[in-house]
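Starting from 1, each residue takes its place in the sequence as its number.
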Amino acid sequence: MNQVAAAYQRERTRAGGNWYSYLSVAGAGGAPRVAVQENADTVVEAYSVNKVAVAVAVLDKVDRGLLTLDQRVEVTAAIVVPGGDGIFGLDTGYPSSVTLGHALAALLTVSDDTAVRLCGLVCPAAELNQILVAKGFPHTQVQPVANPNRFFLGTSTARETHDLLQALVAGTLLSPASTTFLINLLRSPIAFTDGIRRTMSSAERARVATKAGWFADARHEAGIVFDAAGAPVLTYVLFADGQADSDNFGATHPAVQARAAMGPKFLTAVGGVTNPAAPARRPRTYRPTNGG
């Protein structure tokens, strides 16, 4: 735990700016022990980290039988976000349709902006916020706009995002099937690799479920590190803004470099930590292919 705190402090100081962070390490019996808390209850714009919360609300409706992952949503030219992150804005073949499961996969791996609007078709902003409040996250809210099926990604706090991730891996947030689906997306090989997972082997990356968010001068990331058995041992929420080079959305931004330096140190710090109280969730085996 002290190693986690030291690595965080060293790198966040080097990067400068403002940090809103909450990190915990599994203790005896699996209870999280706080390693870092800095401005943890400050409400901030969470940007694409809140795509996890959007997915939670949609999957809650799946769990209640109101939606299914194989139902289709329409991708029209009007719904596509031009110039944003993701893949829907690149194919130019509209109208088309995809399954809700496909939209969620794009939402949480390549952080697709159009996928946010596709989720809004089946879970409007007001309903989405009500679901999150009912689950105990009143500060983790999207921002409604005039169109009830669209929204900005809204706000959270480091503590609430941490608690949402903890509830996810504990299996108390969603059904077992939805929990597995969501975690597999967040730790897939194509999930965000510029930050915490940058300097890791493929096997090490598979032990980390992560979601990043970036807009204006903010660079955020939140996720979970699992032990070799697949149990969660470290939960991190790293919201940051105010660093230099705000127009740089690549891997060399100071806050992103700071997280990349933290990642291997976090793995080393929890190398001997286990969590037998938590469900073990082994990642899918990565098997690259060569076509055919």
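Pairing each heavy atom of I183 with each of V169, the nearest pair is CD1-CG1, 4.0 Å. Nearest heavy atom pair, residue A277 against residue G29, reads CB-O, 3.2 Å. Between A231 and A278, the shortest heavy-atom contact is CB-O, 4.4 Å. Nearest heavy atom pair, residue P264 against residue A261, reads CD-O, 3.7 Å. In terms of heavy atoms, L23 sits closest to L238 at CD1-CD2, 3.8 Å. Across all non-hydrogen atoms, the minimal contact from P232 to P279 is CD-O, 3.9 Å.
For residues 107-134, the set of pairs meeting the salt bridge (charged side-chain N to carboxylate O under 4.0 Å, His left out) definition, not counting sequence neighbours, comprises K51-D113, K61-E127. Within the structure, ring pair (Phe, Tyr, Trp, His ring centres under 6.0 Å) contacts touching residues 33-52 (residues at least two apart or in different chains) are Y47-F215, Y47-H220. Pairs of residues two or more places apart, or lying in two chains, never qualify as ring pair (Phe, Tyr, Trp, His ring centres under 6.0 Å) while including a residue from residues 122-155. For residues 157-188, every residue pair satisfying the ring pair (Phe, Tyr, Trp, His ring centres under 6.0 Å) rule, not counting sequence neighbours, is listed here: Y22-H162. Evaluation of the salt bridge (charged side-chain N to carboxylate O under 4.0 Å, His left out) test over residues 63-82, restricted to residues two or more places apart or in two chains, returns D60-R64.
For D41, the side-chain contact (heavy atoms from CB on, under 4.5 Å) test picks out R159, with sequence neighbours left out. Checked against side-chain hydrogen bond (donor to acceptor under 3.5 Å, both in side chains), T285 has no partners two or more places apart in sequence or in another chain. For T268, the side-chain contact (heavy atoms from CB on, under 4.5 Å) criterion is met by no residue, not counting sequence neighbours. Annotation: side-chain hydrogen bond (donor to acceptor under 3.5 Å, both in side chains) contacts of E160 (sequence neighbours excluded): T140. Every salt bridge (charged side-chain N to carboxylate O under 4.0 Å, His left out) that E38 has, sequence neighbours left out, goes to R12.
Side-chain contact between L118 and F88 is present, with at least one heavy-atom pair separated by less than 4.5 Å. Looking at heavy atoms from C-beta onward, M200 lies in side-chain contact with V208 at the 4.5 angstrom threshold. Residues T68 and L100 have side chains not in contact (no heavy-atom distance under 4.5 Å, counting atoms from C-beta outward). Counting heavy atoms from C-beta outward, H253 and Q243 have side chains that approach closer than 4.5 Å. Between N18 and N39 the shortest side-chain heavy-atom distance does not fall below 4.5 Å. Looking at heavy atoms from C-beta onward, R187 lies out of side-chain contact with R205 at the 4.5 angstrom threshold. Between E221 and V237, the closest side-chain pair of non-hydrogen atoms is not below 4.5 Å. Contact of the Y20 side chain with the T157 side chain is not registered, since no non-hydrogen atoms from C-beta on lie closer than 4.5 Å.
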- Evaluation steps, side-chain contact (heavy atoms from CB on, under 4.5 Å), between L173 and T179: CA-CA 8 Å; L173 193 63; T179 299; 5.8 Å; no

- Show your reasoning for whether salt bridge (Lys or Arg N to Asp or Glu O under 4.0 Å) applies to E204 and R207. CA-CA 5 Å; E204 289 169 336; R207 289 177 51 197; 6.0 Å; no

- side-chain contact (heavy atoms from CB on, under 4.5 Å) evaluation trace for K211 with S111: CA-CA 8 Å; K211 183 71 191 78; S111 201; 2.8 Å; yes

- Begin from the C-alpha positions of Q257 and R198 and carry the test side-chain contact (heavy atoms from CB on, under 4.5 Å) through to its verdict. CA-CA 9 Å; Q257 286 187 316; R198 186 195 306 173; 4.3 Å; yes

- Message: Quick one, L186 with V52, criterion side-chain contact (heavy atoms from CB on, under 4.5 Å). Give me CA distance, side-chain angles, the key distance, then yes/no.
- Response: CA-CA 9 Å; L186 294 176; V52 178; 4.2 Å; yes

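For the residue pair S156 and T161, a side-chain donor N or O sits within less than 3.5 Å of a side-chain acceptor on the partner. A donor atom on one side chain and an acceptor atom on the other are found under 3.5 Å apart for T252 and N248. Judged by distance alone, the side chains of T155 and E45 never bring a donor and an acceptor atom under 3.5 Å apart.
Under a hydrophobic clustering in which Ile, Leu, Val, Met, Phe, Trp and Tyr are joined whenever their side-chain heavy atoms come within less than 4.5 Å, directly or via other members, L165 and V233 fall into different clusters. The cluster map of Ile, Leu, Val, Met, Phe, Trp and Tyr, joined by side-chain heavy atoms under 4.5 Å apart, puts V122 and L185 in the same cluster. Linking Ile, Leu, Val, Met, Phe, Trp and Tyr residues whenever their side-chain heavy atoms come within less than 4.5 Å places Y94 and L121 in a single cluster. Linking ILVMFWY residues whenever their side-chain heavy atoms come closer than 4.5 Å, directly or via other members, leaves I131 and V58 in distinct clusters. In the hydrophobic cluster analysis, where Ile, Leu, Val, Met, Phe, Trp and Tyr join through side-chain heavy atoms closer than 4.5 angstrom, L108 is grouped together with L69.
Between the K265 side chain and the Q3 main chain, no donor and acceptor come within less than 3.5 Å of each other. Here the side chain of R197 pairs a donor or acceptor atom with the backbone of A191 at under 3.5 angstrom. Side-chain N or O atoms of N275 include none that pairs as donor or acceptor with a backbone N or O of A26 at under 3.5 Å. Between the side chain of N50 and the backbone N or O of A53 there is no donor-acceptor pair closer than 3.5 Å. Between the R219 side chain and the P254 main chain, no donor and acceptor come within less than 3.5 Å of each other. Checked by atom type and distance alone, the side chain of T235 never pairs as donor or acceptor with a backbone atom of Q166 at under 3.5 Å.
Atom-to-atom distance recorded for D85:CG and S48:OG is 6.5 Å, nearest 0.5 angstrom. Here the OG1-OH distance, from T13 to Y8, works out to 8.0 Å after rounding to the nearest 0.5 Å. Atoms OG1 and CG, from T114 and D91 in turn, are 9.0 Å apart once rounded to the nearest 0.5 Å. Distance check, rounded to the nearest 0.5 Å: CZ of F226 to CD1 of I224 gives 4.5 Å. Expressed to the nearest 0.5 Å, how far CG of L104 lies from CG of L182 amounts to 8.0 Å.
Atom CG of N2 sits in a sparse spot, with 12 or fewer heavy atoms from other residues, nucleotides or ligands closer than 6.0 Å. Few gaps surround CZ on R10; more than 12 heavy atoms of other groups in view lie less than 6.0 Å from it. Around CZ of R282, the count of heavy atoms belonging to other residues, nucleotides or ligands within 6.0 Å does not exceed 12.
Cluster partners of W214, by chain and number: F192, F249. The rule joins Ile, Leu, Val, Met, Phe, Trp and Tyr whenever side-chain heavy atoms lie under 4.5 Å apart. With side-chain heavy atoms closer than 4.5 Å counting as contact, directly or through intermediates, I190 stands alone and belongs to no larger hydrophobic cluster.
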